[in-house]
Student: 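This is the structure I have questions about; it appears just below.
No experiment lies behind these values; they were computed from the predicted model shown. The first residue in the sequence is number 1, and the count goes up from there.
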Amino acid sequence: MPRLRLRCATWPRPTIELADTPNPKCSECEGVGGWTEDYGDYDTGEYAGTENIWCSCWNPDRTRRLLPVPHWLARRWLGWNEPVYSDEPPF
């Protein structure tokens with residue numbers, strides 16, 4: 001059974017989402033929803049990065065948008081700001 005909560009999303013525009021949460025009684029992740037594992041380069045054996053492993057009790061992509069939040073309300077209550085675009089070239 002999913003454990004649902006409300007979450008505020010800011011991209012591409014402010015919305016209220018219904019999101020799943022990790023199982024607090026999960027024995028694999030202990031309620032965190034996943035863990036990280038370091039891995040090395042196959043040729044040299046040196047550290048190459050960290051990989052996020054999601055637990056089977058939770059899917060972070062399982063969300064449903066409920067309703068958009070008006071911009072004036074998002075600015076006042078959620079601290080959301082319009083993205084700033086520049087006229088300057090990136091070089």
Side-chain angles (χ1 to χ4, degrees):
M1 182 165 174
R3 293 143 314 275
L4 302 174
R5 67 181 171 100
L6 292 176
R7 181 172 75 179
C8 189
T10 58
W11 189 87
R13 63 174 299 193
T15 58
I16 302 291
E17 293 180 337
L18 195 60
D20 188 22
T21 57
N23 185 0
K25 297 179 182 176
C26 180
S27 60
E28 288 184 40
C29 67
E30 299 174 352
V32 178
W35 56 90
T36 58
E37 291 183 354
D38 297 330
Y39 59 92
D41 189 2
Y42 290 110
D43 297 329
T44 62
E46 295 180 6
Y47 173 78
T50 304
E51 183 177 11
N52 290 327
I53 308 295
W54 302 118
C55 186
S56 61
C57 73
W58 178 56
N59 184 356
D61 298 327
R62 191 182 312 157
T63 60
R64 179 76 59 173
R65 287 194 180 158
L66 296 180
L67 58 120
V69 178
H71 289 289
W72 66 271
L73 191 63
R75 271 189 235 110
R76 180 175 292 163
W77 287 352
L78 306 174
W80 182 80
N81 293 322
E82 288 277 344
V84 178
Y85 297 105
S86 174
D87 295 344
E88 297 291 323
F91 42 84

Student: Tell me, do Pro22 and Cys55 make a side-chain contact under 4.5 Å, heavy atoms counted?
Tutor: no
Student: Atom CZ of residue position Arg64 - does it have more than 12 heavy atoms of other residues, nucleotides or ligands inside 6.0 Å?
Tutor: no
Student: Among all residues two or more places apart in sequence or in another chain, which pass the side chain to side chain contact (heavy atoms under 4.5 Å, CB included) test with Tyr42?
Tutor: none
Student: Arg62: what forms a side chain to side chain contact (heavy atoms under 4.5 Å, CB included) with it, not counting sequence neighbours?
Tutor: Asp20, Asn59
Student: If the condition is side chain to side chain donor-acceptor pair (under 3.5 Å), which residues does Thr36 pass it with, not counting sequence neighbours?
Tutor: none
Student: Can you name the residues that form a side chain to side chain contact (heavy atoms under 4.5 Å, CB included) with Glu30, not counting sequence neighbours?
Tutor: none
Student: Could you note down all residue pairs passing salt bridge (charged side-chain N to carboxylate O under 4.0 Å, His left out) where residues 44-55 supplies at least one of them, sequence neighbours left out?
Tutor: none
Student: Identify, with sequence neighbours excluded, every residue that meets salt bridge (Lys or Arg N to Asp or Glu O under 4.0 Å) alongside Arg65.
Tutor: Glu17
Student: To the nearest 0.5 Å, what is the distance between OG1 on Thr63 and CG on Leu18?
Tutor: 9.0 Å
Student: Suppose we screen for side chain to side chain donor-acceptor pair (under 3.5 Å). Which residues come up paired with Glu28, at least two apart in sequence or across chains?
Tutor: none
Student: With ILVMFWY side chains joined below 4.5 Å, transitively, what does Ile53's cluster contain besides itself?
Tutor: Trp35
Student: Among all residues two or more places apart in sequence or in another chain, which pass the side chain to side chain contact (heavy atoms under 4.5 Å, CB included) test with Pro24?
Tutor: Arg3
Student: Using a side-chain heavy atom cutoff under 4.5 Å and only I, L, V, M, F, W and Y, what cluster partners does Trp58 have?
Tutor: Trp54
Student: With sequence neighbours excluded, tell me which residues meet side chain to side chain donor-acceptor pair (under 3.5 Å) with Tyr39.
Tutor: none
Student: My understanding is that only residues two or more places apart in sequence, or in another chain, count here; which of them pass side chain to side chain donor-acceptor pair (under 3.5 Å) with Asp61?
Tutor: none
